[in-house]
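Structure first, commentary second.
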Amino acid sequence: MRRFRPPRSLRPAAASDSPARWLPMAILAAACASVCALAYPRSPAAMPQRWAPAGIASDQYESSPTFSPDGRELYFMRSDRDFAQWRILHSRCTDAGWSPPAPPAFAAARPGLDADPFVSADGKRVYFVSARHDPKGEDLDIYYVERETGDCKTDDCWSAPVRLPTPVNSPASELLPRALADGRLLFGSARAGGLGQGDLYLAAPRPGGGWRVRNIGAPVSSAANEYEAEISRDGRELIAVTDRGDRSHLYRYRLENGRWRARGRIAARADAFQVGPLLSPRGDRLLFAQADGERSGEFFLIDLKPDPDPRWPPHCAGAD
């Protein structure tokens with residue numbers, strides 16, 4: 001089975017700067033040492049600010065956030081300080097703030113199997129990756145659950161997890177699924193036949209059933225290791241997590257005349273990896289995770305455009 005091969009820079013050094021991804025055997029990230037300019041270099045704030053709501057932030061590593069459409073539910077991944085033993089957690093917005101995070105009903109019983117949740121724009125599905133089918137717990141495939149209705153009296157009622165078929169899933173690991181409004185699915189994979197160590201792919205459902213999968217292509221996929229990506233609601237902005245030989249960082253692209261154009265690197269720490277990007281519905285703000293000293297890993301927020309919507313990330317009483 002072909003898996004991601006973590007570059008040397010991704011091997012653990014200290015707890016405060018753990019590798020970005022040890023997902024199958026050891027998934028991680030890395031990239032440049034120099035800070036590139038933002039696509040909007042002078043308008044937004046120059047550097048990201050920590051977004052650490054009470055009850056969500058911990059001394060472990062929080063990453064890969066996703067919200068329900070009404071902003072009242074938050075799903076995310078929590079790992080230990082070495083970015084291992086990851087699990088999906090769920091929190092609700094209450095009058096007292098975000099509730100204590102707990103595994104959702106569909107989560108695997110033990111840590112280290114589930115990761116990378118994503119709530120669809122209509123709130124009816126949660127996509128995630130899991131190795132629950134693999135006795136070795138190494139091969140991450142894309143699954144989804146559907147929200148149950150009818151007699152269900154809580155917001156944590158979900159169908160049994162469904163594992164997507166090939167060619168969406170492959171003998172390699174798939175990461176960070178993102179459902180587009182038109183039914184396509186964006187994800188990262190180190191499957192055979194790519195342009196580098198890992199590439200980004202789009203899967204489209206066929207009218208008669210099944211899926212068609214294609215590499216998103218250059219310049220987004222490259223000889224480097226692209227293994228996560230987030231795309232805006234209008235499909236025109238893309239944030240890729242790429243390891244170009246040092247640490248994993250966030251790179252921005254825009255669709256122009258049918259082709260992706262590089263727009264530079266998101267300003268963030270050059271000495272730490274970044275993972276789990278999430279764009280706001282308007283595409284004007286970005287949440288992601290990176291190391292934060294003794295707190296291991298936290299969510300960070302950066303403005304991508306002038307005058308972004310201050311209501312996102314969703315506010316919860318007493319939490320922000």
Side-chain angles (χ1 to χ4, degrees), residues 1-4 23-24 27 64 66 114-134 138-147 159-242 251-262 277-279 283:
M1 171 167 55
R2 186 172 182 241
R3 305 186 187 96
F4 282 106
L23 284 178
I27 280 183
S64 307
T66 182
D114 297 343
D116 295 348
F118 179 70
V119 181
S120 61
D122 60 10
K124 295 179 180 179
R125 282 189 177 186
V126 171
Y127 291 86
F128 61 102
V129 298
S130 180
R132 61 181 68 196
H133 58 277
D134 181 8
E138 297 175 357
D139 175 39
L140 291 162
D141 278 355
I142 299 172
Y143 286 72
Y144 71 85
V145 291
E146 293 186 326
R147 194 180 290 275
S159 67
V162 176
R163 182 183 175 195
L164 289 177
T166 56
V168 179
N169 288 315
S170 74
S173 282
E174 282 67 48
L175 298 175
L176 205 77
R178 290 291 193 253
L180 283 66
D182 60 6
R184 290 180 299 166
L185 200 62
L186 174 69
F187 59 93
S189 178
R191 62 187 61 197
L195 303 179
Q197 299 176 58
D199 286 341
L200 300 176
Y201 292 85
L202 274 171
R206 294 182 181 275
W211 293 79
R212 181 181 71 257
V213 176
R214 68 172 181 86
N215 194 310
I216 201 169
V220 183
S221 291
S222 72
N225 185 11
E226 291 82 25
Y227 62 91
E228 293 184 349
E230 162 70 328
I231 195 165
S232 60
R233 295 280 179 90
D234 63 6
R236 300 188 63 81
E237 301 280 346
L238 185 142
I239 307 294
V241 179
T242 302
Y251 293 85
R252 191 174 183 184
Y253 298 85
R254 181 169 178 80
L255 192 63
E256 298 177 353
N257 299 319
R259 293 180 59 85
W260 291 106
R261 306 291 184 185
L278 180 72
L279 284 164

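Because the structure is a prediction, the values reported are computed rather than measured. Count residues from 1 along the sequence.
Between Phe118 atom CZ and Leu185 atom CG the span is 9.0 Å, to the nearest 0.5 Å. Once rounded to the nearest 0.5 Å, the distance linking CG of Asp141 with CZ of Phe128 reads 11.0 Å. Atoms CD1 and CG, on Ile231 and Leu186 in that order, are 5.5 Å from each other to the nearest 0.5 Å. Within the model, atoms OH of Tyr253 and OG1 of Thr242 stand 5.0 Å from one another, a figure rounded to the nearest 0.5 Å. The distance from the OG atom of Ser170 to the CG atom of Asp139 is 7.0 Å, given to the nearest 0.5 Å. In this structure, the separation between CG on Leu164 and CG on Asn169 is 6.0 Å, given to the nearest 0.5 Å.
Residue Ala190 comes nearest to Ala172 through the heavy atom pair C-CB, 3.7 Å, listed as atom of the first residue, atom of the second, then distance. Taking every heavy atom of both residues into account, Ala179 and Tyr127 meet most closely at CB-CE1, 3.6 Å. Residues Leu238 and Ala229 approach most closely at CD2-CB, 4.3 Å, considering heavy atoms. Closest non-hydrogen pair, Leu200 versus Ala240, comes out as CD1-CB, 3.9 Å. The two residues Arg147 and Gly123 make their nearest non-hydrogen contact at NE-O, 3.2 Å. The shortest heavy-atom contact between Val145 and Pro161 is CG1-CA, 3.5 Å.
Using modelled atom types, no side-chain atom of Glu138 and backbone atom of Asp134 make a donor-acceptor pair closer than 3.5 Å. Formation of a donor-acceptor pair under 3.5 Å by the Glu230 side chain with backbone atoms of Leu279 is found in this model. The backbone N or O of Leu195 lies less than 3.5 Å from no partner atom in the side chain of Ser221, so there is not a single donor-acceptor pair. Judged by distance alone, the side chain of Ser120 and the main-chain N or O of Arg125 form a donor-acceptor pair under 3.5 Å. Between the Asp114 side chain and the Ser130 main chain, no donor and acceptor come within less than 3.5 Å of each other.
A 4.5 Å side-chain heavy-atom check between Thr66 and Arg178 finds every atom pair outside the cut-off. Counting only heavy atoms from C-beta outward, the side chains of Arg191 and Val213 approach each other to under 4.5 Å. Using a 4.5 Å heavy-atom threshold, the side chains of Ser173 and Val129 count as separate. Within the 4.5 Å cutoff, side-chain heavy atoms of Arg254 are placed close to those of Arg236. Inter-residue side-chain proximity for Asp234 and Leu255 is flagged as unmet; no heavy-atom pair is nearer than 4.5 Å.
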Criterion side-chain contact (heavy atoms from CB on, under 4.5 Å) on Leu140 and Glu174, from CA distance to verdict:
CA-CA 6 Å; Leu140 291 162; Glu174 282 67 48; 5.9 Å; no

For Asp116 and Glu228, run side-chain contact (heavy atoms from CB on, under 4.5 Å): C-alpha distance rounded to whole Å, both residues' side-chain angles, the deciding distance at 0.1 Å, then the answer.
CA-CA 10 Å; Asp116 295 348; Glu228 293 184 349; 4.3 Å; yes

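Note: Tyr201 and Phe187 have parallel aromatic rings, judged against thresholds of 30 and 60 degrees for the angle between ring planes.
Environment of CZ in Arg259: sparse, with no more than 12 heavy atoms of neighbouring residues, nucleotides or ligands closer than 6.0 Å.
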